[in-house]
There are 2 protein chains.
Amino acid sequence: MERSNERAAEEERGAGGRPGGPRPPTIRGVAERAGVSKSLVSLVLQDSPRVSAAKRQAVLDAIDELGYRPNAAARSLVARRTHTVGVLLNDMRNPWFVDVLDGLNSLLQAHGLRMLIADGRLDHRAGQDFARTFQELRVDGLVVVGTLPDTDGLAEVAGRLPTVIAGNHEPRLPHVDIVANDDERGARLATEHLIALGHRRIAHLTGHGLVGELRRRGFEAAVRAHGLDASAAVETGDGTEEGGYRAAVRLLTGARGNERPTAVFAFNDISCVGALSAAQELGLDVPTDLSLVGYDNTYLARIRHLWLNSVNNVSHEVGRRAARCLLDRMAHPDAPAAHRLVTPELEIRGSTAPPPTA
Amino acid sequence: MERSNERAAEEERGAGGRPGGPRPPTIRGVAERAGVSKSLVSLVLQDSPRVSAAKRQAVLDAIDELGYRPNAAARSLVARRTHTVGVLLNDMRNPWFVDVLDGLNSLLQAHGLRMLIADGRLDHRAGQDFARTFQELRVDGLVVVGTLPDTDGLAEVAGRLPTVIAGNHEPRLPHVDIVANDDERGARLATEHLIALGHRRIAHLTGHGLVGELRRRGFEAAVRAHGLDASAAVETGDGTEEGGYRAAVRLLTGARGNERPTAVFAFNDISCVGALSAAQELGLDVPTDLSLVGYDNTYLARIRHLWLNSVNNVSHEVGRRAARCLLDRMAHPDAPAAHRLVTPELEIRGSTAPPPTA
DNA sequence: GCCCCGGATTGGATCGTTCCAACCACGACC
DNA sequence: GGTCGTGGTTGGAACGATCCAATCCGGGGC
């Protein structure tokens, strides 16, 4: 009924008339229909206790009949709050981000905030001057997930609105909180697991950036603490499957002159899968001949065909804590910057075993 | 300089004063600083040719000095356009969606539209009444990616704003375009590839929903066209790895009474990986003893360790076409609904070979 | 009977833009 | 010399909500 009237009106007005369709009902329309003033409708909308039951019902009926929806733009214009936080990430393809998003969402939603997601990689322009876009939209806060393309831009925005970095350790800026995984600790966890199984010749495949650095440091610390530095090896990878494969081939064929390691701890799952391929091509069984541990506990690791031990960096929790931080910062914009580390866990599956000689 | 002044002002005003921070500069502020009227500033903003070079420069300078950003809410309030399209998807974890998003974005961005992404699964509330949210925000259009929770809600919204469905064949609604992969054709492609290799006993692992139905139909059509119905088998899966694994075990151990198939075409990559695990556990080599083809060409298929043949449903192209459709529909809201199918391609890797007996 | 009180209701100002009609010089034209 | 553009510039009215001060109304106290 409604619908067809609307359509009819639209066609009457002349086909294709773009921006001037039948305007959506406004608060005035509702007021008129209910026989009250717009102010009273406004009161009903934010259910104030100071309206009589009769009028309230009249207004609600009118809203229903017209299919009225308050205009968020008008609302946020006067309220000077959008109830929206901007989320900037740099590769939605990475499942890790989705977990963080999920964690973020669970808390933000409970506080009546919606997320506006921008992918810096997918959306080049937004990645470049995401600052501009988010400022124009007057988001109430900003969460940067992972590494970010443009630190200067961030510094500018951070001065103007509550900002939190999730899943990365840098950059450190005056009023910007950081919530990240304790990568060094996670690497130590993984390495110590291998040591506890009896491995003595353990290798690490590295990855890029500060995170790569931290994980390597964790590995080295664990190895050193057990007096195994001499027999440990560090091989350069790049976080890709291909890189992991090549690095593993170098390690396992003794191209580096080392004795062959009995266990490998890789920078991440994907490069760990590369190492797995290399091992199988060289006729080594995992875990009988070679133990593997990955990092990130992505769904790759969960595939029964791979079934990798992996460090679970509890990204959901990172997201939740980042949301917590953002809410706090929105309440106290001038609080000193906090740096929170979330402790990862080791997820044990089928890719490690005691070393063959033991 | 700027920044520190701002901060100082804020602290002066009393710590923690939430919503009343130093208000961002408005167009009036810029006008005052540049010594012109706000109207002129507005003209400069949408670079009209009717302003003198001198004043234009003065305005631009003022904008820079103040760090002015136009308020999107105010702008869209009067323009009655938000330059935003809502995108509703139901599982961001699925890499397939990201490809569609990418395709969508490439076109929309070029037309000055930004995307507002809502994940129906991640964000339960938004999934329920995404209709409400998107209407309140007055998005200029709506793209629904994949299956959607609530068809009634969609019908309501579709009557009010340009809507396109991407990557799903239903529901069919009056003015709603559909852009989807030609699943039937893709399944035929995969099956014919196996037939061309010489396979005669081919099995299909099914998946849920209309898509599962279409892929099964494509399989059956191909098999029938070559007179192989008698030796073909269809086994119920559910699109998960576990489901694929179990179904494959049933098929390969002859639990169904069939002779063992020499090739399996799975509903999707993930269930194909399940089948791969089953094969290896049963001591069958892929592709020597058993050929496998998956669907979706996700990055799972690209892992060298798995290296699956898979039907590439060119999701990026689906996204692009959906964007095209949406732009058209925004121009002509009353055009009849179109239903476009995108032809998939078969990506050949290492998981198929001629059957063992041949 | 008048005043006051408090709950229900209302008009008008406001938010920060865009758009339109009006305005203002100033040189050209009749 | 007055009128007519015309390019540049301006004030004021939208847009659709919220919020505040003002109003209305019925009843209780004096």
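Every chain is numbered from 1 and lettered A, B, ... according to where its sequence line falls, protein lines coming before strand lines. Keep in mind that what you see is a predicted model, and the values were worked out from it rather than measured.
Within the 4.5 Å cutoff, no side-chain heavy atoms of A/R81 are placed close to those of A/R75. Within the 4.5 Å cutoff, side-chain heavy atoms of B/P171 are placed close to those of B/L154. When side chains are defined from C-beta on, B/T82 does not count as touching B/L137, because their heavy atoms never get closer than 4.5 Å. Residues A/I178 and A/N168 are not in side-chain contact: their nearest non-hydrogen atoms beyond the backbone lie 4.5 Å or more apart.
Near-neighbour residues of DNA chain D inside residues 39-50 of chain A, defined by a heavy atom below 4.0 Å, number-ordered: A/S39, A/S42, A/Q46.
The side chain of B/S37 contributes an N or O atom lying less than 4.0 Å from OP1 or OP2 of D/dT10. Applying the 4.0 Å criterion to OP1 and OP2 of D/dT9, one finds that B/S52 has a side-chain N or O inside that range.
When the P atom of C/dT18 is taken as reference, atom CZ of B/R28 falls 13 Å away, rounded to whole Å. Atom pair A/R75:CZ and C/dG16:P shows a separation of 18 Å (rounding to whole Å applied). One can place CG of A/L77 at 13 Å from C1' of D/dC19, the figure rounded to the nearest angstrom. At whole-Å resolution of the value, CD in A/E32 and P in D/dA17 are 14 Å apart. Rounded to whole Å, the distance from CD1 on B/I63 to C1' on C/dT17 is 13 Å. Taking atom CD1 on A/I27 and atom P on D/dC19, their separation rounds to 11 Å, with Å as the unit. C/dT14 atom C1' lies 19 Å from atom CZ of A/R81, rounded to whole Å.
Nearest to the side-chain atoms of B/K38 among the listed nucleotides C/dT17, C/dT9, D/dG16 stands C/dT17. Each of C/dT17, D/dT18, D/dG16 was ranked by its minimum atom distance to the side chain of A/N71; first place goes to D/dG16. Side chain of A/R23, nearest nucleotide from C/dG16, D/dC15, D/dA17: D/dC15.
Between B/R69 and A/E156, at least one side-chain N (NZ, or NE/NH1/NH2) sits under 4.0 Å from a carboxylate O, which counts as a salt bridge.
A distance-only check finds a donor-acceptor pair linking the side chain of B/S76 to the backbone of B/A72 [under 3.5 Å]. Between the side chain of A/T133 and the main chain of A/A131, no donor-acceptor pair closer than 3.5 Å is present. Under a 3.5 Å cut-off, the side chain of A/R329 and the backbone N or O of A/H175 do form a donor-acceptor pair.
As judged by a 4.0 angstrom heavy-atom cut-off over every strand, B/R56 is placed among residues making no nucleic acid contact.
Tested against A/T163 for a side chain to side chain contact (heavy atoms under 4.5 Å, CB included), the candidates A/L88, A/V85, A/L142 yield a single pass: A/L142.
When the nearest nucleotides of DNA chain D are assigned to B/K55 and B/V78 by heavy-atom distance, the more 5′-ward of the two goes with B/K55.
Remark on the helix from C/dG1-D/dC30 to C/dC30-D/dG1: inter-end axis angle 80°, axes from five-pair C1' superpositions, rounded to 10°.
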